Each structure stands twice: as C-alpha cells, then as structure tokens.
Amino acid sequence: MRRFIAGFLAVSMLAAVGCSKNTDNKEQTTDKGKDPAPSQPAAAQVIRINIGTDPETLDPAVSTGVPESNVQLSLYEGLMRLDKDGKPVAGMAETHTVSPDGKTYTFKLRDAKWSNGDAVTANDFVYAWKRALDPMLASEYAYQLYYLEGAEAANTIPLNQLEADGKTEKKGADGKPIARPEADIKKDWEAAAAKIGVKAVDAKTLEVKLTSATPYFLSLTAFHTLYPVHQKSVEAGKADWFRKPETLVGNGPFKLVSWTPKDKVIVEKNPNYWDAKAVKLDKVEYYLIDSEATATQMFEAGQLDIIESGVNNAELPRLKKEYPDELKILPDLGLYYYRFNVTKAPMNDVKVRKALTLAIDRQLIVETITQGGQLPAMSEVPGGMPDVSGDFRANGKDFFKDNDIATAKDLLKQAGYPDGKGFPKFTIMYNTSEGHKRIAEAIQEMWKKNLGINVELENVEWQVYLSRQSELDYDISRAGWIGDYIDPMTFADMWVTKGGNNQTGWANAEYDKLIATAKNSADVAVRMKAMHDSEKLLMDEMPILPIYHYVRVRMVSKNVKNWSEPLTSGMNLREAYLQK
Amino acid sequence: MARYILQRVITMLVVAWVVVTLTFFMMKALPGGPFASEKKLPEAILKNIERRYKLDRPLMEQYFDYLKNVVKWDLGPSFKYEGRTVNDVINKGFSVSAKLGGLSILISLVLGVPIGVIGAMRHNGLLDRVTSGLAILTAAAPSFVIAGLLQYYLGFKLKWFPPATWGTTKHYVLPTIALCSFSLAWLIKLTRSSMLEVTNQDYVRTARAKGIPEFWVVYRHMIKNALVPVIASLAPLTAGILVGSFIIEFIFAIPGVGREFVVSITNRDYTVTLGMTVFYGFLLTGFTLVGDILTALVDPRVRLDKEG
C-alpha cells in the first residue's frame with residue numbers, strides 16, 4: 001500500500017507539471033510553422049523590431065510610455081500626423097483653420113475609415129477626448145488635454161464629499177475621506193463634460209476651443225492622448241478592449257493581429273487605411289525583449305531588423321566600429337541633470353551652486369562614460385525646437401563654459417569655502433543604476449580634484465528615489481526629463497513656484513511671470529523672448545545642474561528604407577519597406 | 001494518515017494567511033506606489049487614479065477586501081498592465097514557466113539520480129571523477145553565465161537553436177539546459193553522497209552477508225534509503241523551478257511568471273506581487289506536503305500515524 005501511494009504521489013507530482021503542457025498553446029500557433037531563422041522570402045515585407053518592454057496598454061487615452069506609443073503609432077492616426085521631420089501634416093483632418101486670436105481651431109475631416117470599415121467622424125474625436133478626460137477612466141495623461149476650454153475643470157471634479165461641499169478640511173471626523181456617491185460624481189461630470197471645448201459641428205467638422213493660444217497645439221493633435229477611438233468597440237470590448245483584435249478598431253496604417261504579453265505584438269497592413277497605397281509593409285512584429293544583450297545579439301545575427309529599444313550600451317564602442325551604417329544616434333528631447341535642494345545649506349547659496357556646476361567636465365563624461373553621442377549641456381532646453389526663426393537652442397547659445405575650473409574656484413572662495421575648506425558634508429542621491437553610478441563617481445572625483453570638496457554618493461531604489469526627491473529629502477539628486485511636445489515650454493514650465501516637477505524648492509516670482517507671459521501670448525515673438533529670458537534667469541540662479549542632452553540610440557538594418565523617428569514620435573513605419 | 005494530512009492542510013492555510021497578510025502590509029509600507037513616476041502627476045489626476053483602483057479607501061478596508069477576494073481566488077486587476085487581471089498574468093506566465101520547469105526537473109531526475117548512483121558505486125572511478133567535476137562546475141557557475149554561453153555559441157554562432165524568444169519546440173532546448181544545469185548537478189551530488197553514506201551502513205553489510213544478490217542490495221536497500229534526502233529536497237526545488245527563473249526568462253526573453261514577478265516589484269504593481277507571492281506560497285507549502293508524505297512512505301523511520 002505504502003509503495004503504491006508513493007508511486008501515485010510521484011506520478012501525480014509530475015502530472016501536475018505535465019498538465020499545463022497541453023493547455024494554452026493556442027496563442028503560439030500564430031508563430032508556428034515560421035522558421036525562427038531569418039529565411040523570409042524577399043516578397044514578404046515583414047519588419048521585426050524590438051521595443052523592449054511589454055506595453056502596459058494600447059488604449060491611447062491612458063498610455064504614457066514609449067513602447068506603447070510605438071505600437072499605437074501604427075494602429076491609430078490623429079487629426080495631424082508628424083512627417084519625417086516632425087512637422088505636423090494632414091492626418092485625419094484634411095484641412096484646418098485657426099481663428100485670429102489663436103484659440104479656436106476648425107478641422108475638416110477627410111473621408112477616412114476605421115479598420116472595420118466604419119467612417120471616421122468628428123464625433124469619434126469628441127468621444128475620445130471626453131473619454132480621456134473622464135475622471136472615471138483616470139488617465140494619467142488627461143492633462144495633455146487641459147489646453148481645451150473646460151477640460152481641467154471636468155477632469156478634476158471633486159471625488160470627496162467634503163471637497164464637493166466646499167469644506168476646507170479633507171477628512172471626516174473619523175480621519176477618513178468621505179467618498180461621494182457615484183451618481184453625484186456622474187452628474188457633475190456630465191454637466192462639466194458638456195462645457196469642454198470640443199464640438200462636432202457636423203459629421204466631418206470638428207471645432208476645438210482652447211483656453212489660450214497654444215502654438216504647438218497642431219503637433220499635439222498628433223500625440224496619442226488625442227487619437228480618436230471607435231466608440232462601439234471600446235464599449236463592447238470592456239476593460240481589455242485593446243488587447244483583442246476584434247475590439248481594437250483603429251484608423252492607422254496597420255491593424256492588430258495578436259498580442260502575447262511579454263512576447264510579441266503583431267500588426268498587419270490595414271486595407272481600410274485612407275492612404276493604404278503608401279503602406280508597403282505587410283506586417284510588423286514588435287518584439288518585447290527586455291535584455292539588451294539578447295536584443296543586440298539577435299540584431300547582429302539578423303533576427304531583428306530594428307532595435308528601437310535595447311541597443312547594448314556596454315558594447316557601444318564596438319557596435320560603432322562594426323556597424324557604422326546601422327547604428328543611428330538621433331537627437332532627443334531630453335536633459336540629464338542634477339537637482340540642487342535650494343532649501344538646504346550650503347546649496348541655498350547660488351555661488352556654491354554655480355561653482356559646482358562649472359567644475360564638471362561634461363565633454364569627458366559623454367566621451368568616456370556615456371559614450372552614446374550625448375551632447376554636453378550648458379543650458380536647459382535641448383536643440384531641435386523651433387524659435388521665431390531658426391533653432392531655439394542655437395539662438396539661445398550656452399550660458400556658461402564647460403569645465404571652467406578657475407571661475408568655479410573663485411565662486412567657491414566668495415561663498416566662504418576657499419579651496420573647499422570647511423565645506424559641509426553633502427550627498428548625491430541617484431536611483432540604482434550602473435550608468436548613474438558611473439557618472440556620479442566621475443563628478444565626485446572632479447569636485448574633489450577641482451574644488452577640494454568631498455561628496456558622498458547614495459544609491460536608492462527607484463520608488464524611494466522618487467518619493468525622497470518630491471519631499472526635498474536630499475542635497476543633490478540625479479534627474480532626467482524628456483519633453484512632451486516640441487516647444488521650449490515643455491522644459492520651462494517645470495520650474496514655476498511649487499510646480500509638481502520642480503522638486504528643488506526653488507521659487508522665483510519673476511520666473512513665474514515670464515512663464516505666464518509665454519503661456520498667455522499668441523504672439524510668437526513675445527512668447528519666445530519670454531522663454532529665452534526665463535532660461536537665462538534659470539541659469540543665473542542655477543537650481544539645477546545641467547549635464548548632457550539625451551540622444552536616442554537605435555540600430556536599423558541597411559535593408560530597412562524610409563523609416564523615420566522625429567522628436568516626440570515613436571518609430572514610424574508607415575511608409576517603410578525592406579529592400580534586400 | 002488522513003489526520004496527518006488534515007493537520008498539514010490546516011497548517012498550510014495558516015501559512016498562506018500569514019503570507020498574504022505580511023506581504024500586503026509590507027507592500028503598503030514600501031515607499032512610492034504604482035503610479036509614481038519621474039514626471040509628477042497633477043494632484044487631481046492622482047486622486048482619480050486612486051479612486052479607480054480603490055486606493056483611497058482605508059487600509060483595513062482594502063485588506064479585508066483583498067482577503068475576501070483571495071479566498072475566491074480572484075487576485076484583482078494589475079495596476080500596471082491595463083485590462084489584465086493577476087489571475088491572467090499567473091495563468092499565462094505559469095503555463096510557460098511550468099512547462100520549462102517541469103521539463104528541467106524531469107531531466108534532472110532521470111539523469112541525475114542514476115548518474116549519482118553509478119558514481120557512488122564506482123567511487124573514484126573515471127566516470128565518477130568526470131561527472132562530479134562537471135557537477136561542481138555547473139553548480140558553481142551562475143545560471144546567467146551558462147545561459148549566456150549557450151545562447152552565444154549554440155544560438156548565435158552555430159545557429160542550432162533559436163537563441164531567444166518563445167514559441168516552437170526548438171525554443172525549449174537552450175533555456176531547459178540552462179535551467180536544469182543547477183538542479184541536475186545538485187541532484188547528482190546529493191544522490192552520490194547519500195549513496196556513499198548508505199554504503200557503510202550496518203544493514204547493507206548485513207544484507208550482503210546474507211548473500212543477497214548485489215543488484216538487489218543496491219536497489220532494495222541502498223537506493224531506497226539514499227533517496228530519502230533527495231525526495232525531501234525535491235519539494236522546494238520543484239516549486240522554485242516551476243515558478244520560473246527570472247534570470248533565465250530575462251536572458252531568453254521567455255514570457256514566464258518569473259519575469260512578471262520581479263518586474264512587478266519594481267513597478268509596485270501591488271496586486272501582481274501579492275498574487276504571485278501567495279501563489280508561490282501555496283505551491284511551496286503544497287509541494288512540501290507532498291514531499292513529506294513521500295518521505296514518510298519511503299523512510300521507515302518516519303511514521304504518518306502512531307499505529308503505522
């Protein structure tokens with residue numbers, strides 16, 4: 001008996017393992033029969049691109065990340081779309097007019113279809129935009145629509161009963177917030193939603209009213225939060241409508257075939273796309289490989305055509321040498337910098353902040369540490385953004401000299417620390433990462449050598465880092481910022497007093513005034529001047545220490561033609577094709 | 001025996017409850033949250049999100065809600081991956097990890113135990129020296145080294161097997177070898193050393209003295225007893241391998257449950273981390289129970305019940 005039970009248990013232990021073998025094979029069948037080795041016939045136009053991380057969603061109203069925006073760019077199209085230089089060109093809107101005060105936009109839609117054959121109408125935009133603003137959907141990126149009249153008010157209707165009653169205290173007698181009845185919130189929302197500045201004048205005419213003239217609004221309509229969605233499918237598909245090909249109805253050049261989490265997203269040509277003849281690819285396979293080493297090796301072995309995310313940084317010098325034509329270093333809308341906590345001594349002294357900023361050799365950092373073609377930053381706003389004429393950065397020039405040790409020493413002396421004597425103990429905080437560590441170590445060494453001061457390094461886990469930074473619980477903190485839209489404002493408005501992303505404790509009334517001027521003026525010259533002035537003020541006060549401007553590192557096979565990836569956009573494969 | 005199992009099942013449930021409770025409060029005590037990001041969100045938007053995921057409720061209410069749902073095996077929605085439930089994440093991921101892990105354990109057992117036995121029988125012979133040398137090497141080398149080497153040479157250089165991703169039978173080969181390298185080496189060493197220990201026991205000498213054929217001595221008296229520690233260690237080993245190896249899944253880009261688990265912690269995807277911990281807890285206690293019963297059945301010194 002005993003032996004029998006032992007045998008039985010052993011068998012069932014293995015069977016428990018074996019059972020799962022028979023189930024759940026369905027999803028993989030789509031890939032089966034396809035040789036993993038790259039032996040595609042020349043006729044099949046299939047691009048295999050690694051985007052690194054599994055998209056969190058493909059609902060354009062709630063998505064926030066880069067992997068998502070890559071896939072969504074294939075599946076949807078906004079009123080405008082970005083051409084290969086990043087300029088907004090006609091997408092769903094064939095033409096548009098702007099009122100003289102710059103606040104009212106009227107879009108005339110073209111005769112476009114959804115992937116299921118339905119017509120794209122102005123109502124689809126009204127639905128999609130109001131949906132993104134609905135507090136019940138709770139989209140993180142709802143603020144991308146705050147430019148619309150009444151949008152912010154609608155998105156921020158009170159959810160707490162005390163707030164709704166206009167009381168100042170936020171918590172009830174028992175110390176808990178009092179949730180409002182669902183029906184009340186809904187009623188408020190419906191009233192507020194009716195006032196949002198977007199209206200379908202007729203099936204093909206969309207009228208948009210903005211709170212103030214926003215010169216970059218056209219570019220913004222190419223951004224995913226403002227994509228239209230197909231109401232019937234969204235409502236029919238429930239919470240995961242965007243995970244199923246039946247209910248993910250898009251209006252972009254491609255349509256969803258399958259999405260296997262952590263494995264692959266596959267899209268194919270959408271025959272109902274209005275400009276389908278421009279689309280040459282039959283299929284795009286988005287790989288979700290998060291190991292950089294694996295992705296890079298697969299590219300080298302010809303098993304990936306594009307690495308959008310996952311070029312192995314550790315191997316960049318070799319890749320540069322061996323793949324000069326495939327390795328692409330594109331400018332990016334980003335700044336790598338350190339924050340000073342200006343509420344704490346000695347960082348409350350602008351002379352100290354300046355001395356620390358000047359005593360860094362940025363050129364050395366980008367050449368020997370990051371090695372990805374990054375550009376030393378002697379300013380805040382990166383290049384690539386248009387000014388009244390020319391480039392905002394080129395016109396604004398650098399604000400200080402890189403590695404200016406003499407001036408730095410002088411400033412430190414003026415601040416009362418000649419040769420670093422008596423400089424209090426302080427720390428650079430960064431979120432744990434090999435790259436951040438190496439930069440911090442270099443800066444530590446430079447300050448020691450150039451100024452005679454010692455700084456300690458502290459690495460903390462990502463979430464700890466975020467919360468300590470926002471609570472001003474640091475001396476100097478590593479930071480990075482990627483702009484949302486192509487206008488210097490995406491950098492400038494971070495530093496307004498008590499701005500959510502300020503997190504330095506820096507407050508300057510004059511700066512706030514300049515930003516307000518830039519935000520409320522329809523005159524491009526006035527706006528740009530205000531933003532140049534604000535950047536100068538920021539660099540005079542130096543609450544941040546700019547280090548370098550980001551670049552995007554990609555690998556693209558020589559066979560892939562006609563791809564583009566302008567600033568703020570994902571990898572655009574709309575007109576791409578393979579040529580072997 | 002029924003009583004013994006019942007006792008163990010009750011202990012299992014208590015352990016599971018402790019695991020749920022501890023993980024729940026520890027997750028809540030961690031700084032940050034699933035919606036923290038470098039770009040700070042406007043306050044009102046954060047409130048909308050908290051309301052949607054019921055994070056604005058009092059902590060105890062959240063806890064009891066969660067407990068109620070765990071009993072129904074409804075582990076809630078993922079906070080990070082829109083439209084996915086934790087049950088879905090576990091089902092999809094586990095079906096991949098379990099296939100890979102099951103195969104690895106099977107191979108380790110089928111190869112490891114006989115090699116260990118033969119090695120002990122031909123103690124210090126050529127085969128013994130070669131296998132124990134290799135076993136020490138693979139047990140000492142971290143799995144990412146083995147995985148990396150396999151991927152580079154067999155995948156990219158020789159192109160015998162797909163170097164990464166998931167789908168066909170061929171995709172199993174490299175990760176399975178990488179995954180079973182440790183458990184195989186470990187089983188070889190364990191079997192070999194416990195066989196050697198048994199060899200010098202009195203009852204083996206007695207059996208031989210009685211003139212029992214050598215094969216029967218080895219099979220009946222030695223292996224059976226030598227396997228006791230092997231079986232005892234198999235439970236945690238199996239549970240551990242089945243829930244996936246983060247490193248192997250990361251290197252070979254396999255959509256398994258191990259990758260989901262580790263990523264969910266950095267993401268503060270509370271419900272996924274909680275659900276996975278609870279799931280792993282159940283699996284581990286379950287396999288330990290099975291392992292204990294097996295040990296008791298094989299080892300005459302352990303009794304399931306007093307009169308047995």
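Not measured: the values here are computed from a predicted model. Both backbone and side-chain heavy atoms feed into the values below; hydrogens, waters and symmetry mates do not.
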Got a donor-acceptor contact below 3.5 angstrom from the Thr294(A) side chain to the Ile251(B) backbone?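 Yes, the answer is positive, given that a donor and an acceptor are paired below the 3.5 Å cut-off.
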Without swapping roles, check the side chain of Asn48(B) against the backbone of Asn155(A) for a donor-acceptor pair under 3.5 Å.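 Yes; judged by distance alone, with no hydrogens or angles, the pair exists.
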Given heavy-atom pairs under 4.5 angstrom as the criterion, report whether the side chain, backbone, both or neither of [X] touches chain B.
X         : answer
Leu304(A) : neither
Ser63(A)  : neither
Ser467(A) : side chain
Asp134(A) : neither
Pro158(A) : neither
Ala293(A) : neither

Closest non-hydrogen atoms of Pro163(B) and Gln303(A), given as atom of the first, atom of the second and distance, are CG-OE1, 3.2 Å
Which atom pair, heavy atoms only, marks the closest approach of Pro261(A) to Pro255(B)?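 That would be O-CB, 3.5 Å.
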What's the spacing between [X] [atom1] and [Y] [atom2] if we round to 0.5 Å?
X         : Y         : atom1 : atom2 : result
Glu249(B) : Ser291(A) : CD    : OG    : 13.0 Å
Ile49(B)  : Glu140(A) : CD1   : CD    : 4.5 Å
Glu285(A) : Thr165(B) : CD    : OG1   : 9.5 Å

Lys80(B) versus chain A, heavy atoms under 4.5 Å apart: side chain, backbone, both or neither? both
Are there more than 12 heavy atoms of other residues, nucleotides or ligands under 6.0 Å from atom NZ of Lys54(B)? no
Please indicate whether Lys186(A) has more than 12 foreign heavy atoms, meaning atoms of other residues, nucleotides or ligands, lying under 6.0 Å from its NZ. no
Does any part of the side chain of Ile185(A), heavy atoms only, come nearer than 4.5 Å to the side chain of Arg51(B), both counted from C-beta? yes
Does Thr156(A) reach the side chain of Glu43(B), with side-chain heavy atoms less than 4.5 Å apart?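 Answer no - side chains too far apart.
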Working for side chain to side chain contact (heavy atoms under 4.5 Å, CB included), residues Arg259(B) and Asp290(A): CA-CA 10 Å; Arg259(B) 223 165 115 200; Asp290(A) 40 23; 3.4 Å; yes
Between Leu137(A), Leu159(A), Thr64(A), Asp240(A), which residue shows the highest count of heavy-atom pairs closer than 4.5 Å to chain B?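 Of Leu137(A), Leu159(A), Thr64(A), Asp240(A), Leu159(A) has the most heavy-atom pairs under 4.5 Å with chain B.
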Apply salt bridge (charged side-chain N to carboxylate O under 4.0 Å, His left out) to residues Arg268(B) and Glu461(A) and explain how you reach the verdict. CA-CA 12 Å; Arg268(B) 291 290 188 278; Glu461(A) 194 246 8; 3.0 Å; yes
Which of Lys157(B), Arg52(B), Arg57(B) touches chain A most, by non-hydrogen pairs under 4.5 Å: Arg52(B)
Pick whichever of Glu260(B), Glu50(B), Lys159(B) has the most heavy-atom pairs under 4.5 Å with chain A. Glu260(B)
Could you go step by step and tell me if Thr57(A) and Tyr81(B) meet the side chain to side chain contact (heavy atoms under 4.5 Å, CB included) rule? CA-CA 6 Å; Thr57(A) 175; Tyr81(B) 296 102; over 6 Å; no
Using side chain to side chain contact (heavy atoms under 4.5 Å, CB included), reason through Phe156(B) and Glu300(A) one step at a time and then give a plain yes or no. CA-CA 9 Å; Phe156(B) 291 114; Glu300(A) 291 190 63; over 6 Å; no
Using the side chain to side chain contact (heavy atoms under 4.5 Å, CB included) rule, take Ile45(B) and Tyr146(A) through it: C-alpha gap first, then chi angles, then the decisive distance, then the call. CA-CA 12 Å; Ile45(B) 290 185; Tyr146(A) 281 7; 3.4 Å; yes
